Amino acid sequence: MYTAHPDRYAEMPYRRTGRSGLKLPALSLGLWHNFGPDRPVETQRAILRRAFDLGVTHFDLANNYGPPPGSAESALGEALKADFARYRDELVISTKAGYLMWPGPYGEWGSRKYLLSSLDQSLSRMGLDHVDIFYSHRPDPETPLEETMGALHTAVQQGKALYVGVSNYSPEQTREAARILAGLGTPLLIHQPRYSLLDRRPETSGLLDTLDELHVGSIAYSPLEQGLLTGRYLDGIPEDSRAASDSPFLNSDAVTAELVGKLRALDEIAKSRGQSLAQMALAWVLRGGRVTSALVGASSPGQLEDSVSAIGNLAFDADELARIDAVVTR
């Protein structure tokens, strides 16, 4: 039987999420790519156990994570039953709905029917009576935002979610979502945007400013830019990499000679900080405390340990930030 490490809270910093009472670890574990039937069950469970031992108390999912869709939630459900049943109240478990999950007109987007049906299915797969955070995974251009936010509010009223969030919403959509939810009495807790050294749209679009103004937390996904910032691409495209497989999330055309040159320059800056490129990239997203948490994936416990080591140096001086900006924007 798994017993969690007694010092699991000794090193990990925890950050308050907006104006709420909920704190998240600086690094959270995303169960996007590496949890499903094509991965060894023992490896999946080892990653989850190691994460918790290191103070990573937040496991982030969505209904369609796998592959196939739903399998990541099912895998977590089995791990919760086997390893974490007595630790449930120490965990923050989140899931989302918005992307295609089943055929027909009610299997995606933001209708009340889809969101609440999806949440019921997610809870069943995970063997839970509630999740801690339930997200609208993307805005629906054809469904009134009042309906989508109303469904999130209902999930809280039904006791099936403690908090609610949005993902991939623009600053304007986020502001309106927060207004609607406030009127219903269910605050918007958190926004999950894509954000990395190489993708700074949350800054340039004003999203981070909006979240600061609204006192809403943030958790960055793809902070390692689909693996580009892990150091694997410093010499081009490895045969077993995501880019080599022409994944829909990263294809070989994106890995240009210019990009490889930037990655090598960033790697030199990371070395001067005593970090790997991945560790520096995670620290950069977390710098200054504006981002509540950064989501990392892991294919092994060792890879997770490397990411968590980023918390050892989250500070940047002005010269380091200027050097990083000069590389990225050149």
Side-chain angles (χ1 to χ4, degrees), residues 4-5 8-9 11-18 20-35 44 46-62 65 72-73 75-76 79-80 83-84 87-96 122 126 128 131-135 137 161-168 189-196 202 208 211 216-227 229-230 278-279 281-287 289-301 303-312 314:
H5 197 288
R8 57 190 175 275
Y9 296 113
E11 301 294 335
M12 178 64 66
Y14 297 86
R15 297 179 171 188
R16 188 168 300 281
T17 312
S20 78
L22 184 68
K23 292 183 178 181
L24 293 180
L27 292 174
S28 298
L29 180 64
L31 280 68
W32 183 13
H33 287 303
N34 297 310
F35 290 81
Q44 297 176 47
I47 293 168
L48 292 167
R49 291 192 295 258
R50 188 62 182 137
F52 190 53
D53 284 345
L54 292 170
V56 178
T57 54
H58 178 208
F59 300 156
D60 178 77
L61 301 100
Y65 286 179
E73 290 178 330
L76 180 64
L80 291 174
D83 295 328
F84 295 100
Y87 301 114
R88 171 64 183 98
D89 291 334
E90 295 184 48
L91 293 170
V92 173
I93 297 172
S94 60
T95 196
K96 316 175 199 71
S122 293
M126 291 186 284
L128 297 174
V131 291
D132 298 283
I133 307 171
F134 182 48
Y135 288 87
H137 206 167
L162 300 184
Y163 302 92
V164 299
V166 297
S167 182
N168 300 305
L189 174 80
I190 194 166
H191 189 299
Q192 188 173 131
R194 180 167 180 159
Y195 183 42
S196 76
L208 292 183
L211 298 179
V216 170
S218 58
I219 179 166
Y221 76 87
S222 292
L224 300 180
E225 202 59 31
Q226 296 296 315
L229 291 167
T230 61
Q279 290 165 352
L282 292 170
W284 185 90
V285 166
L286 293 167
R287 76 199 187 286
R290 292 189 82 187
V291 171
T292 312
S293 184
L295 277 168
V296 296
S299 59
S300 68
Q303 189 179 67
L304 178 69
E305 290 168 1
D306 183 75
S307 293
V308 171
S309 294
I311 65 174
L314 297 179

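What you see is a predicted model, and the numbers here were worked out from it, not measured in a lab.
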Could you tell me whether the side chain of H33 reaches within less than 4.5 Å of the side chain of Q226, counting heavy atoms only?
yes
Taking atom types as modelled, is there a side-chain donor on S28 or S293 under 3.5 Å from an acceptor on the other?
yes
Between Y163 and I190, is any pair of side-chain heavy atoms under 4.5 Å apart?
no
Min side-chain heavy-atom separation V92-L22 under 4.5 Å:
yes
Do the side-chain N and O atoms of S167 and H191 include a donor-acceptor pair separated by under 3.5 angstrom?
no
Can you check side chain to side chain contact (heavy atoms under 4.5 Å, CB included) on L286 and L27, steps first, answer last?
CA-CA 9 Å; L286 293 167; L27 292 174; 4.0 Å; yes
So how far is it from Y135 OH to Q192 CD, rounded to the nearest 0.5 Å?
4.5 Å
Would T57 and E90 count as having a side-chain donor-acceptor pair, cut-off 3.5 Å?
no
Looking at L304 and A298, what are the two nearest heavy atoms and their distance?
CB-CB, 3.8 Å
Give, for atom NE2 of H137 and atom OG1 of T95, the distance between the pair rounded to the nearest 0.5 Å.
9.0 Å
Let me confirm one number: the CZ-OG distance from R194 to S196, rounded to the nearest 0.5 Å.
7.0 Å
For the pair L24 and R16, evaluate side chain to side chain contact (heavy atoms under 4.5 Å, CB included) and give the outcome as yes or no after the intermediate values.
CA-CA 7 Å; L24 293 180; R16 188 168 300 281; over 6 Å; no
Evaluate the side chain to side chain contact (heavy atoms under 4.5 Å, CB included) criterion for residues L189 and V164: first the C-alpha distance (whole Å), next the side-chain angles of each, then the deciding distance (0.1 Å), finally the verdict.
CA-CA 6 Å; L189 174 80; V164 299; 5.9 Å; no
Working to the nearest 0.5 Å, report the span between CG of L31 and CG of L48.
5.5 Å
For the residue pair I93 and L128, establish whether any side-chain heavy-atom pair is separated by less than 4.5 Å.
yes
Is the closest side-chain heavy-atom distance between D83 and R49 below 4.5 Å?
yes
Heavy-atom pair of closest approach, residues A294 and V285
CB-CG1, 4.3 Å
Any donor-acceptor N or O pair under 3.5 Å, side chains S94, D60:
yes
Testing the 3.5 Å rule here: is there a donor-acceptor pair between the side chains of D306 and Q279?
yes
L282 to A310 - nearest heavy-atom pair and separation
CB-CB, 4.0 Å
Correct closest heavy-atom pair for S299 and I47 would be C-CD1, 3.6 Å
Would a distance-only check, ignoring hydrogens and angles, find a side-chain to backbone donor-acceptor pair under 3.5 Å from R50 to S300?
no
Do any N or O atoms from the side chain of Y87 and from the backbone of A4 form a donor-acceptor pair under 3.5 angstrom?
yes
Quick one: are the ring centres of F84 and F52 less than 6.0 Å apart?
yes
Side chains of Y221 and N168: is there a donor and an acceptor less than 3.5 Å apart?
yes
Can you tell me how far the CG atom of N34 sits from the CD atom of Q44, to the nearest 0.5 Å?
8.5 Å
With the side chain counted from C-beta on, respond yes when P193 and P202 share a heavy-atom pair under 4.5 Å apart, and no when they do not.
yes
Derivation and outcome, side chain to side chain contact (heavy atoms under 4.5 Å, CB included), residues M12 and V308
CA-CA 8 Å; M12 178 64 66; V308 171; 4.0 Å; yes
Indicate yes or no for a side-chain donor-acceptor contact from S222 to the backbone of E225 under 3.5 Å, with no hydrogens or angles considered.
no
Heavy-atom side-chain proximity of M126 to L61 below 4.5 angstrom
yes
Using the six-membered ring wherever Trp is involved, compare the ring planes of W284 and Y195 and label them parallel, tilted or perpendicular (cut-offs 30° and 60°).
tilted
Side-chain touch T17/I133, heavy atoms, less than 4.5 angstrom
no
Salt bridge (charged side-chain N to carboxylate O under 4.0 Å, His left out) involving D53 - partner list, sequence neighbours excluded:
none
